[in-house]
Structures are given as C-alpha cells and as structure tokens.
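First comes the structure, then the notes that go with it.
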Amino acid sequence: MDPRALHRFRKNRGALIGAGIVVFLVVFALLAPLVFGQDPLTSDFVHGQSPLAMPMPPSAYHLLGTDGLYRDELARLAHGARLSLEIGFAASAISLVIGALVGIVAGYSEGRAWALGPLRITLDDLLMRFVDIGLSFPFLLLVMAIGAALDRTTVGTILLVLGLTGWLGTARVVRAKTIQIRDLDYILASRALGQRTWVILVRHILPNVAGILIIVGTISIAQMILAESVLSYLNLGVAPPTATWGRMLLEGQSGYMAAPWLLVAPGAAILLAVLGFNLLGEGMRDALDPKEP
C-alpha cells in the first residue's frame, strides 16, 4: 500500500475500529472453539438446563448460556462465525472475479460497435443491459428467490448463489473505472505498439482497478454475511444442525422472553460483522482515493 494511503488509513478512526472488529471476528472464529472446547452439537443435560427444563442463562459452564436444546451458545456462535466468514470471503471472491472480468471487458470495448443490419451493437451494450436487468431485482430478494427454488442447500450451493448474483454492482463500478483509464497515454502507447488486447487488460487495466476491487470486495463481504443470515433465518440456508447466525436467531425467537440471550448473541454478531466490514471498506476507500490530500 502507498505510504500516504497507509497514513490516511491510520488517521481514520472509523477504519481502525472496523479493522479491529474484523480481526476480533476472525480470531474468535478460529480460536474460540479451541479455547472453550465445547461441542456446538452436543446437548448438556447436566449444566445446560434449569430445574424447570429451560435453557440455562450465562454461567461459568456456559458463558453465553444454552439454547433450546441445551447446546452451548458460545460454541454455536463461534462455529456460526466461521461459517459466515467462509461464505462471506468465498462468495465475495467469486463475485469479484466475475464482476472484474465483465466490467473490464465492457469498459474497454465501450463505444466500439459493429454493424448488425441496421443496428450498431457493442459488447459493452450487451453486457451492461444484462447487468441492468439483474440490478432491477433487489439483491436480497433475488437471493431468497433462488434459495427457495433449491431443494437442498449446502455451503457450496450458497456460495454459488451469492457469488453468481453479487457481481452485478461490481461490474458497473469496474466498467466506470476502466473507461476513465483506457485512454491514458501509456494505454494508447501500448495499443500503438501492437500489444494484444488481453495483455493490455491484464498488465495495465487490471492493476489500476485493483484498488476499487479491494474496496468493493471488503464491503461485499458484509453483504454476503447478511444475505447468508437472511437465508438461514428464513430456513433457506444450510440445513440443521449446522450452527449459523441466522438459524440461531430463528431458533431463539420462540423463547426470547425467557431466554433473551438467544436473540442478543447472534443479533449482535451479525451487527458487528456488517458494521466492521462496512467501516473497513469505507476507510479503505478514503485511504486509496487519490483525490484525498
């Protein structure tokens, strides 16, 4: 990273808070199951239920209490964090690759048309009209519709659903950036020297849009985590007994009066994850923006 951008990032309090939240979530997802050693799928009938056969509140045995099946809430929260982060990072990576490819190709070919009878069509027009159609559907609504159409959802199918539907906005942003830089002098010189188009795209265009991709990808992780939680809450996500934040909310809402921690814990985790990645993405945008002093 450019030292000036790194300096701007360090001066941004929101960015530092977001980075701290993200680091905390990653460490929690990786180390909490090892440190606390509880099984998220095992019911504890000795220390996990009250004398009235209700879930136990937070205690020394179960720091965040137990759920309706007397399973450790902290262990389920940690495993849910691991799953949410895996899906968030992987689905964002898929959407970034597709969005970058479509955006760079569309932006570089913008304005270069070929005749089709009385019509003049560009590759940019074809790609962007498809993007416009996809963006006309709200992202979460589109994801829920596809999730409902699947008979059985696994981590792999959720990754594909989120990744293959989340690239549309990325493509539009990358296209706009590509149009800005494709007519710079060194790009024109490369074309004049006879460099192949794919070489120009890979060696010259892609490095210049990398900053935009990092920013969009960071914010996209928050969207993917939220989308996965919505799918799980609507019973369209990974099948039980796998622990997910959205399913924990779904399972906890029936007994929230007697056991409010069943809603507070996963709700706070989702809020922290979305807030952290959004703050981090906004901070990286401010740091990498060359217009900033």
State whether the number of non-hydrogen atoms from other residues, nucleotides or ligands found under 6.0 Å of Arg129 atom CZ is greater than 12.
-> yes
Are any non-hydrogen side-chain atoms of [X] and [Y] less than 4.5 angstrom apart?
X: His204; Y: Tyr186; value: yes
X: Val143; Y: Val230; value: no
X: Leu168; Y: Phe137; value: no

Criterion salt bridge (Lys or Arg N to Asp or Glu O under 4.0 Å) on Asp72 and Arg76, from CA distance to verdict | CA-CA 6 Å; Asp72 186 80; Arg76 294 183 62 76; over 6 Å; no
Rounded distance (nearest 0.5 Å) linking atom [atom1] of [X] with atom [atom2] of [Y]:
X: Ile179; Y: Asp124; atom1: CD1; atom2: CG; result: 6.0 Å
X: Arg182; Y: Ile187; atom1: CZ; atom2: CD1; result: 11.0 Å
X: Leu126; Y: Ser109; atom1: CG; atom2: OG; result: 9.0 Å
X: Phe28; Y: Leu85; atom1: CZ; atom2: CG; result: 10.5 Å
X: Ile158; Y: Ser232; atom1: CD1; atom2: OG; result: 5.5 Å
X: Gln195; Y: Leu201; atom1: CD; atom2: CG; result: 11.0 Å

Is [Y] reachable from [X] through a run of I, L, V, M, F, W or Y residues, each pair having side-chain heavy atoms under 4.5 Å apart?
X: Val202; Y: Leu184; result: no
X: Met56; Y: Leu74; result: no
X: Leu77; Y: Leu63; result: yes
X: Leu262; Y: Ile270; result: no
X: Leu101; Y: Met128; result: yes

Test your reading of the model: is there a side-chain donor-acceptor pair from [X] to the backbone of [Y], 3.5 Å cut-off?
X: Arg71; Y: Leu41; result: no
X: Ser92; Y: Ile221; result: yes
X: Trp261; Y: Asp67; result: no
X: His79; Y: Ala75; result: yes
X: Gln49; Y: Phe45; result: yes
X: Thr242; Y: Val238; result: no

Would you mind telling me which of Thr218, Thr170, Val97, Val173 makes a side chain to side chain contact (heavy atoms under 4.5 Å, CB included) with Leu213?
->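 By the side chain to side chain contact (heavy atoms under 4.5 Å, CB included) criterion, Leu213 pairs with just one of Thr218, Thr170, Val97, Val173: Thr170.
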[X] to [Y] - nearest heavy-atom pair and separation:
X: Phe277; Y: Ala222; answer: CB-CB, 3.7 Å
X: Asp183; Y: Leu188; answer: O-CD1, 3.5 Å
X: Trp245; Y: Ile225; answer: CZ3-CG2, 4.1 Å
X: Met224; Y: Gly166; answer: CE-CA, 4.0 Å
X: Thr178; Y: Tyr108; answer: CG2-N, 3.6 Å
X: Leu69; Y: Ser43; answer: O-OG, 2.6 Å

Classify the angle between the aromatic ring planes of Phe130 and Trp167 as parallel (below 30°), tilted (30 to 60°) or perpendicular (above 60°).
-> parallel
Plane angle bin for His47 and Tyr61 - parallel if under 30°, tilted between 30 and 60°, otherwise perpendicular | parallel
Yes or no on side chain to side chain contact (heavy atoms under 4.5 Å, CB included) for Ile219 and Val216, after CA distance, side-chain angles and deciding distance?
-> CA-CA 5 Å; Ile219 297 176; Val216 173; over 6 Å; no
Salt bridge (Lys or Arg N to Asp or Glu O under 4.0 Å) between Glu282 and Arg285: does it pass, once the steps are laid out?
-> CA-CA 5 Å; Glu282 294 289 339; Arg285 184 193 64 185; 2.7 Å; yes
Salt bridge (Lys or Arg N to Asp or Glu O under 4.0 Å) between Asp286 and Arg8, intermediate numbers included | CA-CA 8 Å; Asp286 295 339; Arg8 287 194 293 267; over 6 Å; no
Apply side chain to side chain contact (heavy atoms under 4.5 Å, CB included) to Leu275 and Asn278, showing your working.
-> CA-CA 5 Å; Leu275 178 64; Asn278 275 319; 5.8 Å; no
